[in-house]
Amino acid sequence: MEARNFYFTVHSASDLKDVRLLGEMKVYAKVTIAGKSKYTKVDLVNKTNPVWNATFRFFVPEIHIDNIRVKIEFFCQRSFSDDKYVGHLNLSIKPLGNKGAKYSFTVDRNDNSSGNFGTANFSHILGDKVIVEQDTSPPPSSSSSLEDYILMLEMIKTGVEIVSEVVKF
């Protein structure tokens, strides 16, 4: 299958909504393109104005090159519970070839909240064509996996019985 390298850089975000009641914001971004997700490092310093300058390489099928769907989600890392959702961007990008462009978009949320949730800055560059091999091997059979699991349980059971016999004398 023909695809293109698509280099996507998340530069920064600014004025993100502070979703913490206690503690400081530690924000990271999740970028999803062509069904693949990649994550930036957590910015531990800049709180609601994180800076990453993280570049990711994605393979985008040639048939989707005129309309690349990009989703950027922002999360606040928390130590003692699940990370907290900050906001997202849903974009449809038509790349301009190898001439990169830098963009700034307003961050949105899934709830009915109103107001500004910040802006995100990113850029992208469309790379060369590549040939991506598709995996044509059949998926593993579920019955085979079940048989392997049952066999493993029997081996563990036998091992436990042997150990208990050895301990008796």
Side-chain angles (χ1 to χ4, degrees), residues 1-137 139-140 145:
M1 168 178 70
E2 284 190 355
R4 300 285 293 263
N5 285 313
F6 185 68
Y7 299 95
F8 192 87
T9 303
V10 181
H11 296 285
S12 63
S14 58
D15 299 323
L16 294 177
K17 181 177 181 182
D18 190 344
V19 295
R20 299 285 307 249
L21 295 176
L22 299 171
E24 296 179 345
M25 291 276 285
K26 298 171 280 198
V27 182
Y28 65 92
K30 173 185 174 184
V31 179
T32 304
I33 298 174
K36 304 288 183 194
S37 296
K38 299 187 181 190
Y39 298 82
T40 65
K41 292 182 179 181
V42 177
D43 185 328
L44 301 171
V45 178
N46 297 307
K47 301 173 187 154
T48 59
N49 299 301
V51 176
W52 301 287
N53 290 319
T55 300
F56 303 113
R57 181 180 73 172
F58 293 92
F59 293 109
V60 177
E62 190 67 30
I63 59 171
H64 297 294
I65 218 63
D66 288 337
N67 185 20
I68 300 174
R69 308 273 254 155
V70 178
K71 183 172 187 175
I72 308 171
E73 297 173 281
F74 301 96
F75 296 93
C76 176
Q77 183 184 49
R78 299 192 299 181
S79 300
F80 300 111
S81 60
D82 293 337
D83 294 347
K84 185 117 182 187
Y85 171 79
V86 176
H88 71 276
L89 294 170
N90 284 316
L91 306 166
S92 181
I93 295 175
K94 183 171 182 156
L96 305 171
N98 60 1
K99 297 177 183 175
K102 191 170 181 179
Y103 301 94
S104 182
F105 277 86
T106 302
V107 176
D108 194 12
R109 287 184 60 89
N110 288 334
D111 57 16
N112 292 329
S113 303
S114 62
N116 185 8
F117 296 102
T119 58
N121 302 302
F122 63 90
S123 62
H124 59 81
I125 296 175
L126 186 61
D128 298 330
K129 282 186 183 181
V130 293
I131 302 296
V132 178
E133 286 189 35
Q134 292 179 321
D135 185 12
T136 57
S137 61
S145 298

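Just the heavy atoms: all of them, side chains too, but no hydrogens, waters or symmetry mates, feed the values below.
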(request) Could you walk me through whether R20 and K26 pass side chain to side chain contact (heavy atoms under 4.5 Å, CB included), step by step? (result) CA-CA 10 Å; R20 299 285 307 249; K26 298 171 280 198; 3.9 Å; yes
(request) Could you go through the side chain to side chain contact (heavy atoms under 4.5 Å, CB included) check for I33 and I68 one step at a time? (result) CA-CA 7 Å; I33 298 174; I68 300 174; 3.8 Å; yes
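When all heavy atoms of K17 and V86 are compared, the closest pair comes out as O-CG1, 3.9 Å. Across A120 and F74, no two heavy atoms sit closer than the pair CB-CZ, 3.6 Å.
Among residues two or more places apart in sequence or in another chain, the ring pair (Phe, Tyr, Trp, His ring centres under 6.0 Å) test is passed with F6 by H124.
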Do any side-chain atoms of residues 50-61 form donor-acceptor pairs under 3.5 angstrom with protein atoms, and if so which ones, sequence neighbours left out?
{"residue": "W52", "atom": "NE1", "partner": "V27", "partner atom": "O", "Å": "3.3"}
{"residue": "W52", "atom": "NE1", "partner": "T40", "partner atom": "OG1", "Å": "3.3"}
{"residue": "W52", "atom": "NE1", "partner": "K41", "partner atom": "O", "Å": "3.1"}
{"residue": "N53", "atom": "OD1", "partner": "H11", "partner atom": "ND1", "Å": "3.1"}
{"residue": "T55", "atom": "OG1", "partner": "T9", "partner atom": "OG1", "Å": "2.7"}

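Between the side chains of N46 and N49, no donor N or O sits under 3.5 Å from an acceptor N or O.
Between E73 atom CD and S37 atom OG the span is 7.5 Å, to the nearest 0.5 Å. Summarising the geometry, atom CD belonging to E2 is positioned 4.5 Å from atom NZ belonging to K129; distances are rounded to the nearest 0.5 Å. Atom CZ of F8 and atom OG1 of T32 lie 10.5 Å apart (nearest 0.5 Å). Between atom CE of residue M25 and atom NZ of residue K47 there is a gap of 11.5 Å, rounded to the nearest 0.5 Å. In this structure, CG on D83 lies 7.5 Å from CZ on R78, to the nearest 0.5 angstrom. With rounding to the nearest 0.5 Å, the separation of CG in D43 from OG1 in T48 is 10.0 Å.
A heavy-atom distance below 4.5 Å is not found between the side chains of T119 and D15. Between L126 and Y7 the shortest side-chain heavy-atom distance does not fall below 4.5 Å. A 4.5 Å side-chain heavy-atom check between V10 and Y28 finds every atom pair outside the cut-off.
Atom CD of E24 is surrounded by 12 or fewer heavy atoms from other residues, nucleotides or ligands within 6.0 Å.
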